[in-house]
Amino acid sequence: MDRQPTSNVSVDAIALRYNNEARHVEVGVSKRIIEPYIDQLALPGVTLWEGERLADAAERAVRTKLDLGVRALGQLTVFDEPHRDPRGQTLSVVMWAVADDPDEAPDYVQWHPVDDVPPLAFDHNQMIEFCRPLLVDRLWRDLTFTRALTGPTFPVSAAVAITRSLTGTAPDRGNLNRRLASVRGLGISHQRIVMGRGRPGTLWEWQSTHMEPESGE
């Protein structure tokens, strides 16, 4: 039986950011400008160029589809269902990426909470659903991923919001504080922030000298 020698390879990025005002983690999507699924929302994705590294392709996808740079990125999994793309057999390497904060999002770009992502083209909703536990597993364990989401300093309220957004449930604050205290390279800052009614709050701070390369890649 004659068979095609190979499949096309695409790189699709689950691009994330922490929205400090709304207090949740969001996923970036954009409207497609070509068929298939023209005008439908989709994760940022590109076809892998010959000789291109996966990380470079994911960064290109976020830059060209969301008009943003990335703070950090890494690989999650591969989707290989033969009929996932109506154009022909296409493997998709799914990457995570933490995007830079936009000054102003273009009209074709939207950001949605992880729990409220609208219908997307291709199998992109399934990608988010399947990869969400993988992202949860990285939080507070993969320092590169976690620091990119939190920024260099963050209050406990942000840690709670990020954890709740990714896991879908509110964490116990006592357990979360103990978890934060156990993370290598993370400590309590000498700075304080003003909370409600003028009450000073604790800031957690990443120590750059203790940062390690991203795990699991």
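Note that the structure is predicted; figures quoted are calculated from it, not measured.
Residues in residues 36-47 take part in no side-chain hydrogen bond (donor to acceptor under 3.5 Å, both in side chains) pair, two or more places apart or across chains.
M127 and L43 get closest at one heavy-atom pair: SD-CD1, 4.2 Å. Heavy atoms only, all atoms of each residue included: A61 and V46 are closest at CA-CG1, 3.7 Å. Here the closest heavy-atom approach between residue L120 and residue A42 is recorded as CD2-N, 4.2 Å. Of all heavy-atom pairs between P118 and N125, the closest is O-ND2, 3.0 Å. Counting all heavy atoms, side chain and backbone alike, A99 lies closest to V62 at CB-CG1, 4.4 Å. The heavy-atom pair separating L135 from L166 by the smallest distance is O-CD1, 4.4 Å.
Taking 4.5 Å as the limit, some side-chain heavy atom of L76 sits within range of a side-chain heavy atom of R138. Counting heavy atoms from C-beta on, the side chains of W206 and V183 come closer than 4.5 Å. Taking 4.5 Å as the limit, every side-chain heavy atom of D67 sits out of range of all side-chain heavy atoms of V109. Side chains of F122 and F79 form no contact here, defined as non-hydrogen atoms less than 4.5 Å apart. L203 is listed as a side-chain neighbour of P155, based on a closest heavy-atom distance under 4.5 Å. S10 has its side chain out of reach of R87: every pair of non-hydrogen atoms, C-beta onward, lies at least 4.5 Å apart. Under the 4.5 Å side-chain criterion, counting only non-hydrogen atoms from C-beta, P119 is not in contact with L41. Contact annotation: the side chain of E205 never approaches that of P152 to less than 4.5 Å [non-hydrogen atoms, C-beta and beyond].
Here the CG atom belonging to D123 is positioned 7.5 Å from the CG atom belonging to D12, to the nearest 0.5 angstrom. Taking CG of L139 as the reference point, atom CG of L149 lies at 7.0 Å (rounded to 0.5 Å). Of the inter-residue distances, the one linking Q89 atom CD with R84 atom CZ reads 11.5 Å to the nearest 0.5 angstrom. Between the CG atom of L48 and the OG atom of S92 there is a distance of 11.0 Å, given to the nearest 0.5 Å. Distance check: L180 CG to N175 CG gives 11.0 Å after rounding to the nearest 0.5 Å. The line from CG of D107 to OG of S30 is 12.5 Å long, rounded to the nearest 0.5 Å.
A side-chain donor from one of W140 and T163 sits under 3.5 Å from a side-chain acceptor of the other. Side-chain polar atoms of W204 and T150 form no donor-acceptor pair below 3.5 angstrom.
Judged purely by atom type and a 3.5 angstrom limit, R23 uses its side chain to pair as donor or acceptor with the backbone of N20. Under a 3.5 Å cut-off, the side chain of N177 and the backbone N or O of R173 do form a donor-acceptor pair.
Counting non-hydrogen atoms of other residues, nucleotides and ligands closer than 6.0 Å to CD1 of I33 gives a total of 12 or fewer.
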- prompt: Yes or no on side chain to side chain contact (heavy atoms under 4.5 Å, CB included) for D115 and R132, after CA distance, side-chain angles and deciding distance?
  reply: CA-CA 10 Å; D115 279 327; R132 188 172 181 177; 2.7 Å; yes
Exercise. With side chain to side chain contact (heavy atoms under 4.5 Å, CB included) as the test, would you mind laying out the steps for Q207 and L186 before giving the verdict?
Key: CA-CA 6 Å; Q207 307 294 326; L186 183 62; over 6 Å; no
- Stepwise, does the side chain to side chain contact (heavy atoms under 4.5 Å, CB included) test hold for L16 with I14? CA-CA 6 Å; L16 306 170; I14 298 177; 3.9 Å; yes
* To do: Please test R60 against E52 for side chain to side chain contact (heavy atoms under 4.5 Å, CB included), starting from the C-alpha separation and ending with a verdict.
  => CA-CA 10 Å; R60 176 165 62 89; E52 187 177 29; 2.8 Å; yes
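M95 and W49 are members of different hydrophobic clusters when ILVMFWY side chains are connected at heavy-atom separations under 4.5 Å. Linking Ile, Leu, Val, Met, Phe, Trp and Tyr whenever their side-chain heavy atoms come within less than 4.5 Å puts V78 and V9 in one cluster.
A salt bridge does not link R179 with D172: none of the charged nitrogens is closer than 4.0 Å to a carboxylate oxygen.
Under the side-chain contact (heavy atoms from CB on, under 4.5 Å) criterion, R71 pairs with V98, D100, D101, A148, sequence neighbours left out. By the side-chain contact (heavy atoms from CB on, under 4.5 Å) test, E26 pairs with R17, N19, H24, W111, sequence neighbours left out.
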